[in-house]
Asks: 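Sharing a structure with you now.
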Amino acid sequence: QVQLVESGGGLVQAGGSLRLSCASSGRTFSSYAMGWFRQAPGKEREFVATISWSGGTTYYADSVKGRFTISIDNAKNTVILQMNSLKPEGTAVYCCAAESERKITRRIFEYDYWGQGTQVTVSS
């Protein structure tokens with residue numbers, strides 16, 4: 001069992017940056033692949049980024065590639081999403097998730113544990 005808690009959301013102007021953190025209690029991140037997803041008002045949850053348990057492999061949604069960076073600190077049981085050059089369409093609740101088979105995937109249903117999310121609002 002693992003519990004995930006996100007932090008770092010807030011209000012930022014378009015072009016600005018935010019750094020989201022996801023802290024885990026319970027089993028260490030070395031047991032999981034980790035992902036970030038987001039859900040905008042009135043829209044379905046969508047994939048943002050994923051990272052292997054070692055941190056050596058990452059994948060991004062095309063919409064954030066080159067602007068967002070996912071990283072993992074296994075010593076601190078924390079996964080980070082650095083978001084630069086934010087756009088108004090990035091306004092959403094951002095959630096982290098853990099996949100217990102260490103499988104890097106974009107598929108929402110393959111993730112076993114989810115945090116409650118943190119609100120990111122990007123003003124134009």
Side-chain angles (χ1 to χ4, degrees):
Q1 187 74 18
V2 63
Q3 294 181 329
L4 304 173
V5 179
E6 302 92 340
S7 61
L11 174 64
V12 64
Q13 289 188 334
S17 298
L18 281 175
R19 181 181 173 92
L20 304 184
S21 296
C22 173
S24 168
S25 62
R27 296 175 66 183
T28 65
F29 280 162
S30 62
S31 302
Y32 302 93
M34 300 297 299
W36 282 98
F37 294 80
R38 65 187 180 187
Q39 187 166 17
K43 295 188 177 181
E44 294 185 350
R45 184 173 291 182
E46 65 175 4
F47 166 76
V48 175
T50 184
I51 189 167
S52 62
W53 68 272
S54 67
T57 302
T58 57
Y59 291 111
Y60 297 91
D62 288 343
S63 59
V64 307
K65 201 173 296 183
R67 299 185 297 117
F68 289 13
T69 302
I70 188 171
S71 59
I72 198 164
D73 185 337
N74 279 306
K76 296 182 179 179
N77 264 14
T78 301
V79 62
I80 302 296
L81 185 68
Q82 177 66 43
M83 306 187 296
N84 299 328
S85 302
L86 282 160
K87 302 177 181 180
E89 52 264 42
T91 294
V93 175
Y94 285 71
C95 297
C96 68
E99 195 284 329
S100 61
E101 296 184 4
R102 298 189 184 180
K103 183 170 54 180
I104 303 170
T105 177
R106 303 167 178 250
R107 298 173 180 169
I108 294 171
F109 67 86
E110 294 194 287
Y111 285 82
D112 304 290
Y113 303 101
W114 292 84
Q116 292 296 312
T118 185
Q119 177 69 47
V120 171
T121 302
V122 185
S123 63
S124 56

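Residues: numbered from 1 along the sequence shown. What you are looking at is a predicted structure, and each value in this text was computed from that prediction instead of being measured.
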Asks: Specify the closest pair of heavy atoms between Val48 and Tyr94, including all atoms of both residues, with the distance to one decimal.
Replies: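 Of all heavy-atom pairs spanning Val48 and Tyr94, the closest is CG2-CE2, 4.4 Å.
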
Asks: Around atom CZ of Arg102, are there more than 12 heavy atoms from other residues, nucleotides or ligands closer than 6.0 Å?
Replies: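 Yes, CZ of Arg102 has more than 12 neighbouring heavy atoms, counting only those of other groups under 6.0 Å.
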
Asks: Kindly indicate whether the side chain of Leu20, heavy atoms from C-beta on, has any atom under 4.5 Å from the side chain of Met83.
Replies: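 A side-chain contact under 4.5 Å exists here.
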
Asks: Testing the basics here: between Leu18 and Gly8, what is the closest heavy-atom pair and its distance to 0.1 Å?
Replies: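 It is CD2-O, 3.8 Å.
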
Asks: Is Ile51 reachable from Ile108 through a run of hydrophobic residues whose side-chain heavy atoms are each under 4.5 Å from the next?
Replies: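 Ile108 and Ile51: separate clusters.
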
Asks: State the CG-SG distance between Asp73 and Cys22, to the nearest 0.5 angstrom.
Replies: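 Reported value, rounded in 0.5 Å steps: 12.5 Å.
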
Asks: For Tyr60 and Ala49, which heavy atoms make the closest approach, and how far apart are they?
Replies: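 So the minimum-distance heavy-atom pair works out to CD2-CB, 3.6 Å.
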
Asks: Hydrophobic cluster membership, with links at side-chain heavy-atom distances under 4.5 Å among I/L/V/M/F/W/Y: are Ile72 and Val64 in one?
Replies: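 As far as the 4.5 Å side-chain criterion goes, Val64 and Ile72 are connected within one cluster.
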
Asks: Hey, could you give me the NZ/OG distance between Lys103 and Ser52, rounded to the nearest 0.5 Å?
Replies: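 Going from NZ on Lys103 over to OG on Ser52, the span is 15.0 Å.
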
Asks: Roughly how far, to the nearest 0.5 Å, is CD of Gln13 from OG1 of Thr121?
Replies: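 Rounded to the nearest 0.5 Å, the OG1-CD separation comes to 13.0 Å.
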
Asks: What closest approach, in Å, do Gly9 and Val120 show between heavy atoms, and which atom pair accounts for it?
Replies: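 Heavy-atom minimum between the residues: CA-CG2, 4.1 Å.
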
Asks: Is the number of heavy atoms from other residues, nucleotides or ligands under 6.0 Å of Gln119 CD greater than 12?
Replies: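 For Gln119, atom CD is crowded (more than 12 foreign heavy atoms under 6.0 Å).
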
Asks: When you measure from the side chain of Thr50 to the backbone of Met34, do you find a donor-acceptor pair of N or O atoms at a distance under 3.5 Å?
Replies: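 Flag set: sc Thr50 to bb Met34 pair under 3.5 Å.
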
Asks: Does one hydrophobic cluster hold both Val2 and Ile104, with members joined at side-chain heavy-atom distances below 4.5 Å?
Replies: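 Each belongs to a different hydrophobic cluster.
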
Asks: Is there a donor-acceptor pair under 3.5 Å between the side chain of Glu6 and the backbone N or O of Gln116?
Replies: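 Side chain of Glu6 to backbone of Gln116: a pair is present.
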
Asks: Do you reckon Tyr113 sits in the same ILVMFWY cluster as Val79, going by side-chain contacts under 4.5 Å, direct or chained?
Replies: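 Yes.
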
Asks: Is Phe37 reachable from Ile80 through a run of hydrophobic residues whose side-chain heavy atoms are each under 4.5 Å from the next?
Replies: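 No, no single cluster joins them.
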
Asks: Quick one: closest heavy-atom pair of Trp114 and Cys95, and the distance?
Replies: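 Residues Trp114 and Cys95, closest heavy atoms: CE3-CB, 4.1 Å.
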
Asks: As an exercise, state the distance from CD of Glu99 to CZ of Arg107, rounded to the nearest 0.5 Å.
Replies: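 Spacing of CD (Glu99) from CZ (Arg107) equals 11.0 Å.
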
Asks: Spell out, as yes or no, whether a donor-acceptor pair under 3.5 Å connects the side chain of Thr91 to the backbone of Val122.
Replies: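 Indeed, once roles are kept as given, a pair shorter than 3.5 Å links the two residues.
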
Asks: Do you know the tightest heavy-atom contact between Gln82 and Ser17?
Replies: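 Scanning both residues completely, I find the closest heavy atoms to be NE2-CB, 4.0 Å.
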
Asks: Rounded to the nearest 0.5 Å, what separation is found between the CD atom of Glu46 and the OG atom of Ser63?
Replies: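 It is 5.5 Å, given to the nearest 0.5 Å.
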
Asks: Atom OH in Tyr32, atom OG in Ser24: separation rounded to 0.5 Å?
Replies: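 If we round to the nearest 0.5 Å, Tyr32:OH and Ser24:OG are 7.0 Å apart.
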
Asks: Indicate yes or no for a side-chain donor-acceptor contact from Ser124 to the backbone of Pro88 under 3.5 Å, with no hydrogens or angles considered.
Replies: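 Judged by distance alone, no pair lies under 3.5 Å.
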
Asks: Phe68 and Trp36: aromatic ring centres closer than 6.0 Å?
Replies: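 Aromatic pair excluded; centres sit 6.0 Å or further apart.
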
Asks: For Tyr111 and Thr105, indicate whether the former's side chain and the latter's backbone hold a donor-acceptor pair under 3.5 Å.
Replies: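 Yes, Tyr111 side chain to Thr105 backbone: donor-acceptor pair under 3.5 Å.
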
